[in-house]
Structures are given as structure tokens and as C-alpha cells.
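A short write-up of the structure that comes next.
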Number of protein chains: 2
Amino acid sequence: MDERQALSSFAALSQETRLAIVRALVVAGPEGLAAGVIAERMGVSATNVSFHLKELERSGLISQRRESRSIIYSASYDALAGLVKFLMEDCCAGHPAIRENVEKSDGCCSPDDEVASA
Amino acid sequence: MDERQALSSFAALSQETRLAIVRALVVAGPEGLAAGVIAERMGVSATNVSFHLKELERSGLISQRRESRSIIYSASYDALAGLVKFLMEDCCAGHPAIRENVEKSDGCCSPDDEVASA
DNA sequence: CCAATAATTCAAGGAATATTGAACTATGGA
DNA sequence: TCCATAGTTCAATATTCCTTGAATTATTGG
């Protein structure tokens, strides 16, 4: 992930609706969600969700595919992982202690926990 | 780190000058850098750097202290670590594989490498 | 106290983003 | 073919963000 991409990703994630969309898509997994479903869940208009989805796609955080009448969006795990890495590298540049801090207090998921489901 | 803080942090990091400032401050360490030094390094006016520093402080990513005539800014490692964690949790919410991916390809710094310098 | 240094705040203009409704495109079924 | 469904694109407006120069505040040295 180069700086331009990171800047664009941060911008994409700095908007409430878009952050919520990314979260929903990450939870949804590779199957993704149709634009209409996303709009409904977020409580925004079709026009508006379309605008935000385009922004997210432009930054590379999500991708789309057509499936019959629907357009299905899904999270780009590579891009998300790349962004985390970018942030970590910036942190570590100064003080490795941060990295430790992140890993120690990680209440998210342990590496060997649910890997079977991937 | 709650959502509001994350949104604000992403917004702060989505601007070229501000991202460069954070990087410089992370490298500078706890001693930090004076506003004037930052302005000079970034090649922007005093007014402009002041604006961006205020934005960064508002989001909690940096903090300031006065030292004689200068105002010294330094990175908030806690906030940065919190942001990394926030992102990781969003990732992991869907697929733990991402976390593995981040850790595997991390060419940044190993936990027991430079910790002595902290 | 006065001048110099270091920075911030204010106000104004310009640029980029976000929101909305109307018009348009693509797909699938009767 | 015609219609309904699912989305997008367009154009206009509103809002927020960025930049700049001028004025202001805080600190130190003479």
C-alpha cells in the first residue's frame, strides 16, 4: 500500500455511512451484499448509497460484481490488511512498543480460533 | 477507541500534510517537534501548519506542550495503537485470516527487536 | 517597558464532499 | 415487447475543509 492509496482509504473511512458499510461488508464475508440491501440497512437513499459505494471502490476497499439484477459489493480483505499494515509501520517507525501494545490488548480474535471457517 | 474518535482520526490522516506530520512526530519520539520546525520540514506556512496541528489534536492523535517560546507537538502512541486496534477488530469481525495476513507480512519491526530503546 | 520571536486566531475565498430528486441504463419475467 | 426491479448518473445545492494574509497573544532578552 503506497501513500496515495492510504490517504484515499483514510478519506473513505472518515465518513460515518461509509465506515458502517465497510463494517457490514466485512461481516458479510466474500458473498457480499447487494446495493439495495446496504441502502436499506444504512437507512439512506439508493442515490446516496451509490455515491458512497463508488467512493469506497475508488479507494480499493471494496469491489463489486453483477449478479442478475443486483450489484453485489464485498470488502477487499487485502486492501484492509494493507491499510492496517501501513498504519502499523508508521507506528513502529518510532516506537515498537506500540506494536506490542496493539497485540497485547487485542480482544478481537485469536489467530488459531476461527481460521477453519475461512 | 469509539467510533466517533475513529472517524475523526481517519479524517485527520486523510490529508497529505497531516499524515506527513504524524509520521514525522512518530519518528521524533516523545521529545516531539516545535511547530516551527514542523512547518519548515513540511514546507508550509505557520498559519497552515497551525491549522493542521489543531485538527490532529482535536482527533487526539497528537498532543502539545509549551516550552519557552515554542510549542512542542508529539504523537500520541496510545491513540495510534487504538486506531490500529479499531481497524483490526473491524477486519477480524469477518475473517481472522486478515489478521494472520497482517502479522505474517509485517516487515516493520519485531516485538523483541528494539524494545530496549523505549 | 520595548522589541523580537514563536505561534495562534480571524476572516475571506476557493476547492472538495455530501445530499437530493429527476432522468437514465441494464436485467429478467409475463 | 412491455413492464417492473435494481442501480447508476446527472445537475444543483449545501456543507465542510483548505489556504492565505492580517491581526493577535505569549514569552524572553535588552
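This structure is a prediction, so every number in the text was calculated from the model and none was measured. The sequence lines fix the lettering, A, B, ..., with proteins before strands; numbering per chain opens at 1.
- Comparing dG28(C), dC18(D), dG21(D) by their closest approach to the side chain of Arg69(A) singles out dG28(C).
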inquiry  = Could you go through Leu25(B) and Leu56(B), starting from their C-alpha distance and side-chain angles, then the distance that decides it, and tell me whether this counts as side-chain contact (heavy atoms from CB on, under 4.5 Å)?
reply    = CA-CA 11 Å; Leu25(B) 290 181; Leu56(B) 285 168; 5.7 Å; no
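- Nearest to the side-chain atoms of Ile71(A) among the listed nucleotides dT19(C), dT8(D), dT8(C) stands dT8(D).
- Nearest nucleotide to the side chain of Asn48(B), out of dT20(D), dG7(D), dT9(C): dT20(D).
- A salt bridge does not link Arg4(A) with Glu16(B): every distance from a Lys NZ or Arg NE/NH1/NH2 to an Asp or Glu carboxylate oxygen is 4.0 Å or more.
- Every residue two or more places apart in sequence or in another chain that forms a salt bridge (charged side-chain N to carboxylate O under 4.0 Å, His left out) with Arg58(B) is listed here: Glu55(B).
- Of the candidates dA22(C), dA22(D), dA26(D), dA22(D) carries the atom nearest the Thr47(B) side chain, counting heavy atoms from C-beta on.
- Comparing the local axis fitted to the first five base pairs of the helix from dC1(C)-dG30(D) to dA30(C)-dT1(D) with the one fitted to its last five gives a bend of 10°, rounded to 10°.
- Between the CD atom of Gln64(A) and the P atom of dT27(C) there is a distance of 12 Å, given to the nearest Å.
- From Glu40(A), atom CD reaches atom CE of Met42(A) across 11.0 Å, with rounding to the nearest 0.5 Å.
- The pair Arg23(B)-Glu3(A) meets the salt-bridge criterion, since a charged nitrogen lies less than 4.0 angstrom from a carboxylate oxygen.
- As judged by a 4.0 angstrom heavy-atom cut-off over every strand, Ser50(A) is placed among the base-contacting residues.
- Remark: P of dA18(C) and CG of Leu13(A) are 12 Å apart, rounded to the nearest angstrom.
- Backbone-only contact: Ala34(A) has heavy atoms under 4.0 Å from sugar-phosphate atoms and none from a base.
- If you take CD of Glu16(B) and C1' of dA15(C), they are 15 Å apart, rounded to a whole angstrom.
- In the hydrophobic cluster analysis, where Ile, Leu, Val, Met, Phe, Trp and Tyr join through side-chain heavy atoms closer than 4.5 angstrom, Leu7(A) is grouped together with Ile62(B).
- Among the protein residues, Ala46(B) comes within range of the nucleic acid bases, having at least one heavy atom under 4.0 Å from a base atom.
- Protein atom CZ of Phe10(A) is 16 Å distant from nucleotide atom P of dT17(C), rounded to whole Å.
- The side chain of Gln15(B) lies closest to dC18(D) when the candidates are dC18(D), dG7(D), dT8(C).
- As a whole-Å value, the separation of Arg66(B) CZ from dT27(D) C1' is 6 Å.
- To the nearest 0.5 Å, the span separating OG on Ser8(A) from CE on Met1(A) amounts to 9.0 Å.
- Taking atom CZ of residue Arg65(A) and atom C1' of nucleotide dT27(C), one finds them 16 Å apart after rounding to whole Å.
- Checking dT19(C), dT8(D), dT9(D) against the side-chain heavy atoms of Lys54(A) singles out dT9(D) as nearest.
- OP1 or OP2 of dT19(C) lies within a sub-4.0 Å distance of a side-chain N or O belonging to His52(A).
- Side-chain nitrogen and oxygen atoms of Ser70(B) include at least one within less than 4.0 Å of the OP1 or OP2 phosphate oxygen of dA7(C).
- Per the geometry, CD belonging to Glu40(B) stands 13 Å off C1' belonging to dA6(C), to the nearest Å.
- Computed from coordinates, the Ile21(A) CD1 to dG7(D) C1' distance equals 14 Å when rounded to whole Å.
- Across every non-hydrogen atom of Gly29(A) and Ser74(A), the tightest pair is O-CB, 4.2 Å.
- Considering only side-chain N and O atoms, Tyr73(A) lies nowhere under 4.0 angstrom from the phosphate OP1 or OP2 of dA6(D).
- In terms of position along DNA chain C, the nucleotide closest to Phe51(B) lies nearer the 5' end than the nucleotide closest to the other residue of the pair Thr17(A) and Phe51(B).
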